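Scroll down for the structure; my scribbles are underneath it.
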Protein chains: 2
Amino acid sequence: MSRIRSSKTVAEPPGASLLPVPGLDYGVLDELLGYALRRAQAALYVDFHRATEGLDVSPPRFAALVLVGRNPGMRQGLLAQAMGLHRSGALRLTDWLTTRGWVERQDDADDARSWGLFLTAAGKRKLAEIERRVRAHDERLMRGLGDRAASLKADLERLAATAAANNNDDGDKR
Amino acid sequence: MSRIRSSKTVAEPPGASLLPVPGLDYGVLDELLGYALRRAQAALYVDFHRATEGLDVSPPRFAALVLVGRNPGMRQGLLAQAMGLHRSGALRLTDWLTTRGWVERQDDADDARSWGLFLTAAGKRKLAEIERRVRAHDERLMRGLGDRAASLKADLERLAATAAANNNDDGDKR
DNA sequence: TATTGTTATACTCTATAACTATA
DNA sequence: TATAGTTATAGAGTATAACAATA
């Protein structure tokens with residue numbers, strides 16, 4: 001089998017932050033944990049893009065490279081599961097990375113329906129460079145938070161687990 | 001002047017979470033504050049969608065309703081600024097809300113280029129219902145975090161400010 | 001000349017549905 | 001019959017560029 005698909009550069013991120021505009025009334029938004037998270041996410045997204053400028057990568061593409069790099073031979077379906085995507089999304093992502101020459105599909109000896117995913121030599125080099133810059137970007141953020149960085153990260157992980165658990169329950173909304 | 005545009009329902013959110021898949025090696029992703037934020041955001045997004053099921057709303061649409069509701073007569077450009085959008089994005093968002101009958105444009109007496117944005121009576125009712133559910137959803141998350149919720153929210157706000165400041169600086173990446 | 005909003009277009013990210021090949 | 005991947009299509013969310021009207 002073979003795959004060919006078009007290649008384009010990364011789209012520009014939202015240009016501006018969601019930081020409060022002085023004089024505007026944000027009502028309930030200022031009270032919500034969810035909106036605080038959204039503001040932080042928006043700011044980090046712009047910052048990530050800046051830190052990886054010229055490398056033609058985006059957060060999901062970076063995550064996919066790391067996952068394939070650390071788990072060579074993983075199937076597309078597992079990549080989808082790890083990234084919370086539909087399998088058609090993992091397909092497109094893999095297509096894009098393949099077209100760039102960073103990832104390659106190899107036939108899986110155990111199951112003729114599946115691919116094994118692997119980084120190419122170019123993909124390994126690219127990932128090393130991206131990872132270096134992303135680490136620097138993240139460490140800069142951590143430094144800005146000082147000793148709160150570690151507890152923030154732990155609380156975010158707990159929040160993610162809590163919200164995901166709600167999603168599986170029927171919830172007690174009423 | 002008048003605006004007409006098509007109306008569609010809210011798209012489905014990503015179906016699954018980004019919670020760690022047992023046995024997979026996430027490499028640097030597990031160390032990054034940015035990826036922890038991404039995981040939390042993904043989980044909250046699904047949870048938000050569940051909490052507002054049937055109301056035909058999304059996080060940006062909700063934020064726009066709140067902002068217009070609290071700042072009646074605000075211009076589209078200001079909405080764009082508050083939400084970190086290009087003005088063409090604020091146009092589309094406003095179009096959508098107008099088509100739903102929740103927001104209306106009125107001529108601005110001070111500047112013939114501008115609109116003033118206002119909630120309609122239906123928009124006010126709709127917002128009240130959405131806000132009730134979003135508050136309940138957010139409070140459920142906060143309860144899950146116990147006494148750490150307040151500090152988490154404060155740290156997220158500080159993170160957003162820090163990252164946004166980096167984006168304006170030249171940064172010290174090298 | 002700068003600003004507000006619009007139109008046209010395009011790209012990322014993600015989904016659903018119907019399909020093929022294999023298990 | 002179920003699973004892995006594919007194809008085709010669609011929609012949200014966002015951008016850029018060129019434009020008109022007004023300031």
Side-chain angles (χ1 to χ4, degrees), chain A residues 1-16 18 38 41-42 45-46 49 56-64 74-81 83-98 105-117, chain B residues 1-16 18 38 41-42 45-46 48-49 56-64 74-81 83-99 105-117:
Chain A
M1 304 199 231
S2 69
R3 316 262 57 271
I4 300 173
R5 208 156 290 255
S6 72
S7 157
K8 286 289 164 52
T9 49
V10 178
E12 292 306 309
L18 304 189
R38 192 173 167 78
Q41 159 92 37
Y45 181 51
V46 175
H49 194 268
D56 207 20
V57 78
S58 67
R61 289 167 189 175
F62 168 62
M74 75 187 294
R75 289 178 294 103
Q76 263 180 216
L78 183 55
L79 182 63
Q81 189 190 340
M83 296 189 58
L85 301 174
H86 189 267
R87 55 197 200 284
S88 65
L91 166 87
R92 283 177 175 283
L93 187 52
T94 304
D95 277 354
W96 192 92
L97 295 167
T98 299
R105 291 174 166 102
Q106 292 177 17
D107 287 331
D108 185 327
D110 295 341
D111 186 336
R113 295 171 304 181
S114 300
W115 303 107
L117 301 180
Chain B
M1 304 201 232
S2 69
R3 317 259 59 270
I4 301 173
R5 208 157 289 258
S6 72
S7 157
K8 288 289 165 53
T9 50
V10 178
E12 291 305 309
L18 304 189
R38 192 173 167 80
Q41 159 93 34
Y45 181 54
V46 175
F48 177 97
H49 194 266
D56 208 18
V57 78
S58 67
R61 289 167 188 174
F62 169 62
M74 74 188 294
R75 289 178 295 102
Q76 265 181 215
L78 183 55
L79 182 64
Q81 189 189 340
M83 296 188 59
L85 302 174
H86 189 266
R87 56 195 199 286
S88 66
L91 166 88
R92 283 175 177 284
L93 187 51
T94 304
D95 276 355
W96 192 92
L97 295 168
T98 300
T99 303
R105 292 175 166 101
Q106 292 177 19
D107 287 330
D108 185 326
D110 296 340
D111 187 336
R113 295 171 303 183
S114 301
W115 303 108
L117 301 180

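Sequence lines set the chain letters: A, B, ... in the order given, protein chains first and strands last, and positions in each chain run from 1. Since the structure is predicted, the reported quantities are computational estimates derived from the model, not experimental observations.
- Distance from the side chain of A:Arg61 is smallest to C:dC13 among C:dC13, D:dA4, C:dT7.
- Paired with A:Gln76 under the rule side chain to side chain contact (heavy atoms under 4.5 Å, CB included), one option of A:Asp95, A:Leu93, A:Leu91 passes, and it is A:Leu91.
- No side-chain heavy atom of B:Arg75 sits less than 4.5 Å from a side-chain heavy atom of B:Leu117.
- Which of D:dA10, C:dA17, C:dA10 sits closest to the side chain of A:His86 comes down to C:dA17.
- For D:dT14, the OP1/OP2 oxygens have no side-chain nitrogen or oxygen of B:Arg87 closer than 4.0 Å.
- Comparing B:Ser88 and A:Ser88, the nucleotide of DNA chain C nearest to each residue sits closer to the 5' end for B:Ser88.
- Using a 4.0 Å heavy-atom criterion, one finds that B:Gly89 contacts no nucleic acid atom at all.
- Using a 4.0 Å cut-off, no side-chain N or O of B:Arg92 falls inside it from OP1 or OP2 of D:dA15.
- Picking from D:dT14, D:dA23, C:dT14 the nucleotide with the shortest atom distance to the side chain of A:Pro60 gives C:dT14.
- Applying the 4.0 Å criterion to OP1 and OP2 of C:dT6, one finds that B:Trp115 has a side-chain N or O inside that range.
- Listed pair A:Ser114 / D:dT3 fails the phosphate criterion, with no side-chain N or O lying under 4.0 Å from OP1 or OP2.
- Nearest-nucleotide mapping onto DNA chain D: of A:Gly116 and B:Asp111, the residue sitting toward the 5' end is A:Gly116.
- Between B:Asp110 atom CG and D:dT22 atom P there is a gap of 16 Å when expressed in whole angstrom units.
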